[in-house]
2 protein chains.
Amino acid sequence: MKNKTDMPLKMKDVLREQISGGSLLPLQKLPSERDLSDLFSITRISVKDALASLETAGLIYKENRRGWFVSPPRVEYNPLSRSHFHQMVTEQQRIAETQLINISTMMAPSHYAKTLALTELTEIHVIERLRFIDGRAVLFVENCLISHFFPNIISENLTQSLTTLYQTKYNFTTSRSRFDVIPAAAPAHVAKALNISPGQQILKICRVNYNQHAQIIDCEFEYWRPDAVMISIDSIEH
Amino acid sequence: MKNKTDMPLKMKDVLREQISGGSLLPLQKLPSERDLSDLFSITRISVKDALASLETAGLIYKENRRGWFVSPPRVEYNPLSRSHFHQMVTEQQRIAETQLINISTMMAPSHYAKTLALTELTEIHVIERLRFIDGRAVLFVENCLISHFFPNIISENLTQSLTTLYQTKYNFTTSRSRFDVIPAAAPAHVAKALNISPGQQILKICRVNYNQHAQIIDCEFEYWRPDAVMISIDSIEH
DNA sequence: TGAACTCACTGAACTAGACCAAAGGATGGC
DNA sequence: GCCATCCTTTGGTCTAGTTCAGTGAGTTCA
């Protein structure tokens, strides 16, 4: 029964059409909120609502105070596979990069201690890294290693795969991993690194890895931009 | 440097506090947006923004034109396990219910045909069901079965586990399953059943099941309220 | 050449209202 | 006791602005 023009809906349809039709390409910037509000004669609040709903659908994303952009296709990610980030991304004809953000060594704070099933008096290394696909920051990773398993690891090149490093330098293979996938809000430090607004929706993956002696050796917290990834698992691969 | 009172932030803190502190219990209704906007002397837009950010964090949820409610704890769900919905929920000391929404029989439309790897001239049954935890609708499921594998299935009781039915009546066991997890927006028919606004964030799980003869027998599309679930997988269980 | 500065443009966050449509309780007729 | 109708309350959607803070390109100056 709606015979109003419903410009906000029209704006969504136009953008959807331009994205699927290829007039707007992945990573391309959309017009500014102010321009869109003039173009379609609607307020900026309506523009923001409409853009937010396209964002939820995974069609567009925003960068803090920079603007809105068209989302590239999702990468398929199997958290159970041995394949690491660079290999996985490359196999899907995309370009991967890793940037080291921070390393710190500390006594395990309670939430890490709990995940690693150890006491708070154990020393851990926390490695924070940012991962890019096709030049876009899509994943913030916190790796938390139990120090005594990995002497001198902090002097290694930590932009490569940690799994490979575990194997070649420390002779540890991952015999078992356990992980949780949770739709959540971005914590402040993650939001800053990914250049999104704090509290925005992200996909959180918490993983715990066991070595060949069934010892927990490290855990990992991954924070993905929700439009960048799709978890894909096949029971036959184990 | 912010020395403004920042009432929207204060509202979030108060609600967060009341939820974690137990003054607001799971499934309990929050004051209306208008009441909150009076209480904290902020506009309804700011109230909505603040509530939306608590929603993203998984603390509260809303029902269409009914109001905002406190989210119960997430259930842990392992899509690889043989355990079915009722069993999984019961094991976590929660109450499960299933409601049959609709059954239809048709020639496979293209997106189903693609997922099931068959031609569009194959007949399929589509079973739509709504699942509840502790009385709250949290999951909309579409099961799509290849008809010739399941003669007369539509006259069975379809609020029980389909996996069990496959086994007892048709002698099919699931030998392999493959699934994708995607943060997405709720399609209109799903939004209606779950009583959420169309386009709102949900967690979509697409699963394909193979029988003991390595034939694809059905696929399933699950749409979860994102605050209700957490995917939890352990590689050792296979 | 290169580092520091300026400034226009961007979204972020907010105020102060408006009307609409669905939900659901209260009411009243039978 | 039951059912239809009314009415209040709810969120949904929208208009029309404002102020603030980070971004980044261009400019200036040592």
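Throughout, protein chains are lettered first and strands after them, A, B, ... in sequence-line order, and every chain is numbered starting at 1.
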| request: Find the distance A:Trp68:CH2 to C:dC9:C1' and express it as a whole number of Å. | output: 17 Å
| message | Please determine whether a side-chain nitrogen or oxygen atom of B:Asn64 lies at a distance below 4.0 Å from atom OP1 or OP2 of D:dG12. | response | yes
| message | With nearest nucleotide decided by heavy atoms, which residue, B:Arg34 or B:Asp49, maps closer to the 5′ end of DNA chain C? | response | B:Asp49
Side-chain donor-acceptor distances from residues 188-196 of chain A under 3.5 Å, at least two apart:
unit_1   : atom_1 : unit_2   : atom_2 : d
A:His189 : NE2    : A:Glu142 : OE2    : 2.7
A:Asn195 : ND2    : A:Glu63  : OE1    : 3.2

| Interatomic distance, B:Glu63 CD vs D:dG12 P [rounded to whole Å] | 11 Å
| query | Which is true for B:Ile42 with a 4.0 Å heavy-atom rule: it touches a base, it touches only sugar-phosphate, or it touches nothing? | reply | sugar-phosphate
| message | Among D:dT18, D:dT13, D:dA16, which nucleotide has an atom closest to any side-chain atom of A:Arg44? | response | D:dT18
| Quick one: are A:Thr98 and A:Leu130 in side-chain contact, heavy atoms under 4.5 Å? | no
| Atom pair distance, as rounded to whole Å: NZ in A:Lys48 and P in D:dT15 | 15 Å
| field | Rounded interatomic separation in angstrom, taking CD from A:Gln200 and P from C:dA12 | value | 8 Å
| field | Separation of atom CD1 in B:Ile45 from atom P in D:dG12, rounded to whole Å | value | 12 Å
| query | Think B:Arg136 forms a cation-pi with B:Phe69, using NZ or CZ under 6.0 Å from the six-ring centre and within 45 degrees of its axis? | reply | no
| remark: DNA chain D nearest-nucleotide lookup for B:Ser32 and A:Thr43: closer to the 5′ end is B:Ser32
| request: For the residue pair A:Thr163 and A:His84, confirm or rule out a side-chain donor-acceptor distance under 3.5 Å. | output: no
| Atom-to-atom span, CG of B:Leu9 to P of D:dC20 - whole angstrom | 18 Å
| task | Respond yes when some side-chain nitrogen or oxygen of B:Ser197 is under 4.0 Å from OP1 or OP2 of D:dG11, and no when none is. | result | no
| When all nucleic acid strands are considered with a 4.0 Å heavy-atom cut-off, which category describes A:Lys62: base, sugar-phosphate, or nothing? | sugar-phosphate
| Would you call A:Arg207 and A:Glu222 a salt bridge, taking side-chain N to carboxylate O under 4.0 Å as the test? | yes
| query | Is A:Arg65 side chain donor-acceptor paired with the D:dA21 base, going by distance under 3.5 Å alone? | reply | yes
| field | Distance, rounded to the nearest Å, where A:Asp35 contributes CG and C:dA8 contributes P | value | 17 Å
| Is A:Ser37 touching bases, backbone alone, or none of the nucleic acid, heavy atoms closer than 4.0 Å? | nothing
| task | Please state how far atom CZ in B:Arg66 lies from atom C1' in D:dG11, giving the value in whole angstrom units. | result | 12 Å
